[in-house]
Structure formats: structure tokens, C-alpha cells
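Fair warning: this is a prediction, and the values are worked out from it, not measured in the lab. One is the number of the first residue; the rest follow in order along the sequence.
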Amino acid sequence: MTDITLKMPVVLIGNSFKYEVESTLKLFFSISRFAFSDNIEDAVGDNYVVAGKDGVRLYADVMLDGELTHSEKIFPDDTQDAVFEHELCRLIFHLLIERTGIIPPWGLMTGIRPVKRVIDLMNRGLTKDEIFAQLTEKYEINRDKLELAYATAVNQQPILEKINTKAVSLYVSIPFCPTRCSYCSFVSHSMDSAIKLMPQYVDALCRELEITGRLVKETGTKIDTIYFGGGTPTSITADELRTIMGCVAKNFDLDSVREYSVEAGRPDTITEEKLRVIKELGAERISVNPQTLNDDVLKVIGRKHTGEDFLRSYELARKVGFTNINTDLIAGLPTESAESFRNTLDRIIDLDPESITVHTLTLKRAAALFANGKDYAYNPASEMVDYSIKKLMDNGYLPYYMYRQKNTLDNLENVGYAKKGFESWYNIFIMDETQTILGTGCAASTKLVYEGGRIERIHNYKFPYEYINRFDQLMEKKKETEECLKRISTLPQK
């Protein structure tokens, strides 16, 4: 079932487990679409799934290429709905393994934060063997992935123990790029179309930073980490960057900041002047992201730079004085071979950056590549990722944060690796969801973390013209932010 123009019928009988059933199907049909129904008459054609609950009896029918398979199981009368949901997905999971031959490496686990599950069990006092046994029994996760998740959790723990409970992090969004990469699904806008809005955007963003800074000051909150993301923040001019970063310095106490990062991103946007502005105004950690050093692949994905351009940008960052540089790579890019990926990773390691992040290609519906998703069914992403894990750890790079996404090739993961002491605190906090993050700028999201783990999100408008034209309406939402910051200010210091 790989034709994304068709929708596979999925019939739910006696249950409303749509989200988890769809997530399970995505493990096997990452680029397919589904038509959900509660009418058994919709189970027609050569490909469909029926997921049923009849009292304490669960059953699943999987029709693939005209061949039907069935499975069912009876449960005790006191079984909870959460168990029924999970076990119904398990029935479907095993039928699909049998029919497709695909064995998802993360098993039945469909969430984006596998490390958080491990840390929760560690905090309950379970040993490594007990954690592995519990996760294997429930999710049937591959042993190698358990080892990776556990190693990541171990490296996160010392940092999470140092979290400042009376502090928050600040995210500054500059959602512009020179061009849109074919794999990209982020809300970002090309500079060609956005250039006329830039003066208004910079003005609105600075106004939001002033308002946010005032809330932070009035509630006695401290800023722990700052992260400039996008898009590509270095798409804007050095003067615009100076204005925004200067506004941050003016409205927030940088003396309390333990990490300040700027996603410099694409080498074709990086200049010595911009790098000097970034360093002068307080950021000590930057990312310079080649994704690959294969020029042919860079052309295919719509990048306007070469591998040599990246190398020059990297050396320029060193010349300016940056001693904490991250580089991003993507495993599974179209036309990239396993050998080409290995060559890129080996060359990046030779450069000796402080951290390297390995993403796996994700086919998001908003990305141009999604329409041709079937072309990547036999992409060697798994081979690339397996190589990266061993190679990076052998060279002193330890996994420190991880997340997963739907529609990722081979159901793989994204992992940040760093030398000891160079882990990004912001990345850990956002994945562990342990600290409030104040989002500013177009398409930014504020994540308010309350006692007990309750989380509320406030989303800024996605498009620059909306952000600019409806700014005052957007700022009304800051009232909830103020209430959260007041609560944070009353928490005991950890």
C-alpha cells in the first residue's frame, strides 16, 4: 500500500482508538493515507484494516493485496480501556509484521520521546535490566534501540538534575530561508517573498521581546537558555540580526543565561560579519548545517551551496572564535548512498565539531518530497543510522537527546551527539518537557510547564503578515504566560 493518491479503509468497530491505530499503521505504511469509518461495509477492496472490540474480545482483520488475515484475543472483565487500546494495536502490529516482513525497530512505541519513558523508569528506581524487560514486554523494542535510548537517558540525567526550577528558556523565531529544501515541512518563508516584510517583522519581533522581557522581569523569573531558530536566522542581514539580538540583550538579563545558541544553519547565508554579530551579542553556540557533503545530493534537495561552501563557513566560524559548533546531517536524503553518507560523516568527524546531530529523513505531507514518497521505500537509511551510532560513539560523541517523528524512513530516530560538556541544554529541556519555554516570533510556540507536569501551549501566528497585522490580538495571550511565570517565581529553588 504505497500509492498516496489512495486511502486505505480503516474500520473501527466498538472502539474509538483512531489515533493509536493510525500511529501503528504508520509504522508500516509511512506515506499512506487512511479513511477511517465505523461502518463494516466500508471494509472493501484489496487493502483495508478492521480493528474491533466486542466486549472483552479484541479482533483485527488485515486485507493486503487481496489476502485476508485475522487475529483475536479475549481479556478479563476488569481490563482498562488503555490496555484494550494497546493490545488491539498489538494484534494489528503482528499481523502486519507477518504480511509485510517489516519489523519496526522501536516496536509498538509510537511517541516522539522514547528517552522520557526511560528516564521515568530510572526515576522510579528500576535497574537497566528491569527497564529493558518492561519496555521489551510492552513495546517489543529492538535491543539496539533500547541501548541507544538508555545511553541518551544516562547522559541527560546529570543535566536534568541541575535544572533551575525558577528559570525559563527563550526561543526566538526567524522563520526565513534563502530557498525551501525539498524535505522541509517547517513553517519557513523564502527571502524572495518575505524581503518586503522584514522591517515590519523585525519591529514586531522586538516589540514581542520587549513585552516578554517585561513579564520576565516583573515576575522575578530568570532566563536559563536562549535559542534562535527558524528557518535560518542568518538569512536576514547582519544589521537585522544585530537589532534583534540587541533587543534580547536589552530586555533580558544575560548574566543568568547558561546557554545561548543561534542556528546559523545554511552555509550560503553565513558571512564573517554575521558571525561576529552573533558572538559579540552573547551567543557562544552555533549550528552550521551541511546535511550532506555530496554536491549532487545538495542539488537534488534544493540547496544552493556546495560541500566546500560548508567547509569554508565552518572554518570561518572557528576563525571568528566559536568553540562550540554543532553540525546537522540527514540520513536517507534522496539519491544519497550509504557510502556517500559514511564519507560525509567521516569528514565531519575529522573537523572535530563539539556536537553532531543525525536526523533521519522524514516525509512530511507539507514537504515537496512527500508526493514521491514511494521512491524512498528502499532507501538505505537504516544502514546510515547504524553506522553513525557506532562511528560517533567510538569517536567520543555521546548521545544526549533524541526524538522521533511520524513518516520517518524505517521508523528511525533523530539523535544529538556531543562531546562531554557540550550537550545542548535547550535541546534536552524541550525534549524532556521539564522547563517552560517562551516562544517569540512568527510560528513560535510557548510551552508553559506547571507543577505536576501539566503543559499548556500558546501558538503564535504561522505567517509573517498575520503575525504583523494581528500583533495586538496575539499579545492578549501573554496574560496566561504572566500567570505561569508568577507560579514559577514561587517554586522552591532546586
Side-chain angles (χ1 to χ4, degrees), residues 176-186 188 190-192 230-235 263-272 274-275 286-320 322 325-353 355-364 367-373 375-388 391-392 395 397 408-410 412 414-415 417:
F176 306 102
C177 283
T179 58
R180 189 180 181 89
C181 298
S182 60
Y183 58 78
C184 183
S185 66
F186 288 111
S188 58
S190 72
M191 289 303 294
D192 288 342
T232 306
T234 44
S235 294
E263 191 84 29
R266 291 170 54 156
D268 48 334
T269 68
I270 295 173
T271 66
E272 182 170 348
K274 291 177 187 179
L275 289 174
I286 62 169
S287 286
V288 184
N289 303 330
Q291 314 303 13
T292 177
L293 294 179
N294 186 320
D295 290 347
D296 292 334
V297 177
L298 287 168
K299 289 178 183 177
V300 168
I301 64 176
R303 288 265 179 154
K304 301 300 182 184
H305 64 83
T306 65
E308 285 301 315
D309 291 333
F310 160 76
L311 295 173
R312 282 193 290 271
S313 296
Y314 181 90
E315 291 305 324
L316 185 59
R318 288 297 195 208
K319 172 189 170 185
V320 168
F322 283 99
I325 301 177
N326 172 74
T327 62
D328 279 7
L329 304 179
I330 298 179
L333 287 171
T335 74
E336 182 106 89
S337 67
E339 180 182 3
S340 171
F341 177 84
R342 289 195 298 270
N343 176 62
T344 287
L345 182 61
D346 291 350
R347 290 172 68 189
I348 294 295
I349 290 173
D350 287 344
L351 289 175
D352 201 30
S355 57
I356 299 173
T357 305
V358 179
H359 299 273
T360 307
L361 181 67
T362 299
L363 299 173
K364 292 291 189 179
L369 285 183
F370 185 83
N372 300 315
D375 295 342
Y376 311 114
Y378 302 103
N379 190 299
S382 287
E383 185 178 347
M384 298 175 186
V385 168
D386 288 346
Y387 179 80
S388 71
K391 184 74 174 183
L392 285 164
N395 281 272
Y397 292 92
T408 298
L409 294 183
D410 296 334
L412 294 167
N414 308 300
V415 182
Y417 298 85

State the [atom1]-[atom2] distance between [X] and [Y], to the nearest 0.5 angstrom.
X: Gln291; Y: His305; atom1: CD; atom2: NE2; answer: 7.0 Å
X: Arg312; Y: Glu308; atom1: CZ; atom2: CD; answer: 6.0 Å
X: Leu333; Y: Ser340; atom1: CG; atom2: OG; answer: 9.0 Å
X: Asn414; Y: Leu361; atom1: CG; atom2: CG; answer: 10.0 Å
X: Thr234; Y: Leu275; atom1: OG1; atom2: CG; answer: 8.0 Å
X: Ile270; Y: Ser235; atom1: CD1; atom2: OG; answer: 10.0 Å

* Given Thr292, Leu329, Leu293, Thr327, the one that forms side chain to side chain contact (heavy atoms under 4.5 Å, CB included) with Leu345 -> Leu329
Note, [X] side chain near [Y] side chain (heavy atom, < 4.5 Å):
X: Val358; Y: Val415; result: no
X: Pro380; Y: Tyr387; result: no
X: Leu351; Y: Leu311; result: yes
X: Thr335; Y: Asp296; result: no
X: Glu263; Y: Asn289; result: yes
X: Arg303; Y: Pro267; result: yes
X: Thr344; Y: Phe310; result: no

Please find the pair of heavy atoms, one from [X] and one from [Y], that lie closest to each other, and give the distance.
X: Thr269; Y: Ala264; result: OG1-O, 3.6 Å
X: Val385; Y: Ala331; result: CG2-CB, 3.9 Å
X: Gly332; Y: Met384; result: N-SD, 3.1 Å
X: Val288; Y: Pro290; result: O-CD, 3.4 Å

* Verify whether one side chain among Thr360 and Asp410 offers a donor that lies under 3.5 Å from an acceptor in the other. => no
* **Flag for Thr306-Asp309: side-chain donor and acceptor within less than 3.5 Å** => yes
* What's the verdict on side chain to side chain contact (heavy atoms under 4.5 Å, CB included) for Arg342 and Lys391, showing C-alpha distance, side-chain angles and the deciding distance? -> CA-CA 9 Å; Arg342 289 195 298 270; Lys391 184 74 174 183; over 6 Å; no
* With sequence neighbours excluded, tell me which residues meet side-chain hydrogen bond (donor to acceptor under 3.5 Å, both in side chains) with Arg318. => Tyr314, Glu354
* **side-chain hydrogen bond (donor to acceptor under 3.5 Å, both in side chains) against Asp386, all qualifying residues, sequence neighbours excluded** => none
* Any donor-acceptor pair under 3.5 Å from Asn294 side chain to Phe341 backbone -> no
* **Test log, rule side chain to side chain donor-acceptor pair (under 3.5 Å), inputs Tyr417 and Asn395** => CA-CA 11 Å; Tyr417 298 85; Asn395 281 272; over 6 Å; no
